[in-house]
Amino acid sequence: MAFSNTYTTLPGSASSNREDLTDILSILAPEETPILSGGSRKKATNVLFEWTLDKLDDPDAAGVVEGADVGTFTDAFGARERTSNFVQKFRRDYMVSDLQEATDSVGPAKLAQAEAKSIRELKRDIELALAGTQDKQLGSSSDAYLTAGLGAFVDDNPSSSLVPAGFETPSDSVFTGTSSDPFTEAEFNNLISSIYRQTGNVDSLVLIADTGLRRVISDFARIGGSATENVRSVTYDGGSATIKLSVELYQSDHGIVSIINGNPACMPASTGTTTTAFGYLVNPEYYGIHELIPMGSTRLPNQGGGERGYVDCVLGLGVYHPQAHGKIEAID
């Protein structure tokens with residue numbers, strides 16, 4: 001004989017079952033924007049913004065002959081070069097129908113929430129561009145202006161339109177791993193030392209690391225880099241229930257490096273066998289965000305279907321000293 005059940009198609013006993021919809025809405029996506037958040041803010045006044053690079057002459061210990069007059073003179077600013085980047089326009093549109101605006105829903109899903117979500121998505125779009133390796137692009141009637149990413153500036157073989165000759169990131173500050181050349185603690189210290197040789201600054205570096213690279217750095221505290229190195233040991237408090245295996249500060253011979261997570265949805269793919277072991281070793285003093293149009297929201301006329309609008313901004317990346325940063329493309 002027939003019996004009542006929950007899976008009977010309507011009409012039937014299931015037609016009277018109450019809906020159980022919890023008032024919880026989860027967005028499962030990483031939202032951190034450390035490159036966007038960490039850079040200083042500058043005001044751009046044109047789609048092309050420029051800055052000047054300069055450097056000190058090499059030290060000279062040759063000495064001066066007694067009684068020698070000054071017969072030749074050096075242009076103190078002869079090494080100066082100008083470089084530039086374009087701004088890029090970012091935009092996210094949103095719309096909520098008139099019926100949805102009047103309906104109660106989990107979330108909720110109304111115009112204000114649509115606007116807020118679009119802003120969150122826009123910030124991730126910006127982070128993706130800033131963290132990228134793309135070159136700058138001049139806008140036209142068919143092409144958008146594109147801002148060059150951090151990876152295009154921090155490179156030992158950059159585009160000459162981005163980094164003039166003599167101001168390139170040293171090859172010792174760029175690590176590209178292979179299966180036979182993994183990223184080790186010695187390599188990490190070599191990068192830090194290379195940057196120090198360019199700037200002479202300590203305690204000012206930040207490593208923005210993707211997931212795989214962050215794990216590699218944490219392993220420095222637990223295992224040796226080769227078979228000839230001893231395994232590290234730590235003292236464990238038996239009365240504690242926590243063993244901390246992550247590394248947030250790395251103290252080297254040439255400064256302390258703060259290690260933070262990069263947004264895994266925005267970091268570039270590595271050139272090796274994985275797409276997660278990428279990172280930028282940056283000095284926040286030497287890069288900034290140039291805003292031509294600050295982030296804002298614009299509401300558009302309701303044409304009958306519902307309220308609509310968009311959020312947008314126009315900005316670009318300035319890297320004031322490519323030699324003050326490093327880049328890691330490691331094998332995880």
Side-chain angles (χ1 to χ4, degrees), residues 35 39-40 42 44-62 72-88 129-140 143 145-178 181 187 190-201 204-208 254-255 268 270-271 278-290 315-330:
I35 298 177
S40 60
K42 309 288 185 181
T45 59
N46 202 327
V47 294
L48 179 71
F49 58 96
E50 301 176 285
W51 61 96
T52 304
L53 301 173
D54 200 357
K55 59 184 177 181
L56 300 178
D57 199 2
D58 293 335
D60 184 357
T72 60
F73 298 87
T74 302
D75 181 0
F77 309 111
R80 283 188 177 179
E81 295 281 357
R82 181 185 297 184
T83 189
S84 63
N85 200 0
F86 288 118
V87 296
Q88 181 172 334
L130 298 180
T133 59
Q134 75 282 351
D135 200 350
K136 63 183 179 182
Q137 176 177 290
L138 175 65
S140 68
D143 296 316
Y145 284 103
L146 296 181
T147 192
L150 186 57
F153 284 99
V154 185
D155 196 286
D156 55 350
N157 187 27
S159 166
S160 59
S161 65
L162 283 181
V163 183
F167 292 91
E168 304 94 339
T169 305
S171 58
D172 287 344
S173 299
V174 178
F175 178 84
T176 303
T178 64
D181 183 22
E187 298 282 5
N190 287 341
L191 260 66
I192 299 171
S193 297
S194 176
I195 295 173
Y196 172 77
R197 291 179 66 86
Q198 302 301 318
T199 65
N201 294 339
S204 57
L205 293 179
V206 177
L207 176 63
I208 304 171
H254 297 116
S270 297
T271 58
F278 196 100
Y280 289 114
L281 193 57
V282 300
N283 186 328
E285 180 181 349
Y286 293 109
Y287 85 91
I289 311 301
H290 292 244
L315 54 80
L317 175 68
V319 179
Y320 313 130
H321 191 345
Q323 297 175 338
H325 312 289
K327 183 169 62 177
I328 302 167
E329 297 177 88

Between the NZ atom in Lys136 and the CG atom in Leu162, the distance rounded to the nearest 0.5 Å is 5.5 Å
The criterion is side-chain hydrogen bond (donor to acceptor under 3.5 Å, both in side chains); which residues satisfy it with His321, sequence neighbours excluded? none
Partner residues of Ser194 under the side chain to side chain contact (heavy atoms under 4.5 Å, CB included) criterion, sequence neighbours left out: Pro170, Asp172, Ser173
Using modelled atom types and a 3.5 Å cut-off, is there a donor and acceptor pairing between side-chain atoms of Gln323 and backbone atoms of Thr199? no
CD of Gln198 to CG of Asn283: how many Å apart, nearest 0.5 Å? 12.5 Å
Rounded at 0.5 Å granularity, tell me how far OG1 in Thr169 sits from CZ in Phe167. 12.0 Å
Does Leu130 form a side chain to side chain contact (heavy atoms under 4.5 Å, CB included) with Leu317? I'd like the steps, not just the answer. CA-CA 7 Å; Leu130 298 180; Leu317 175 68; 3.8 Å; yes
Identify each donor-acceptor pair in which a side-chain atom of residues 44-56 lies under 3.5 Å from a protein atom, sequence neighbours left out, and give them as a table.
| residue | atom | partner | partner atom | Å |
| --- | --- | --- | --- | --- |
| Trp51 | NE1 | Val319 | O | 3.0 |
| Asp54 | OD2 | Arg80 | NE | 3.1 |
| Lys55 | NZ | Gly166 | O | 3.3 |

Set of residues satisfying ring-ring contact (aromatic ring centres under 6.0 Å, His included) with respect to Tyr280, sequence neighbours excluded: Phe278
Distance col, row His254:NE2 vs Asn201:CG, nearest 0.5 angstrom, shows 12.5 Å
Please tell me if the side chains of Thr147 and Val87 come closer than 4.5 Å, counting only heavy atoms from C-beta onward. no
Would you say the rings of Tyr145 and Phe86 are close, in the sense that their centroids are separated by under 6.0 Å? yes
dist Asp135:CG -> Phe153:CZ (nearest 0.5 Å) comes out at 8.0 Å
Could you give all pairs that pass the salt bridge (charged side-chain N to carboxylate O under 4.0 Å, His left out) test and reach residues 151-168, with sequence neighbours left out? Asp155-Lys327
CA sep, side-chain torsions, deciding dist, call: Gln88, Leu315, side chain to side chain contact (heavy atoms under 4.5 Å, CB included): CA-CA 5 Å; Gln88 181 172 334; Leu315 54 80; over 6 Å; no
Any residue meeting side-chain hydrogen bond (donor to acceptor under 3.5 Å, both in side chains) with Ser161, in chain and number order, not counting sequence neighbours: Ser159
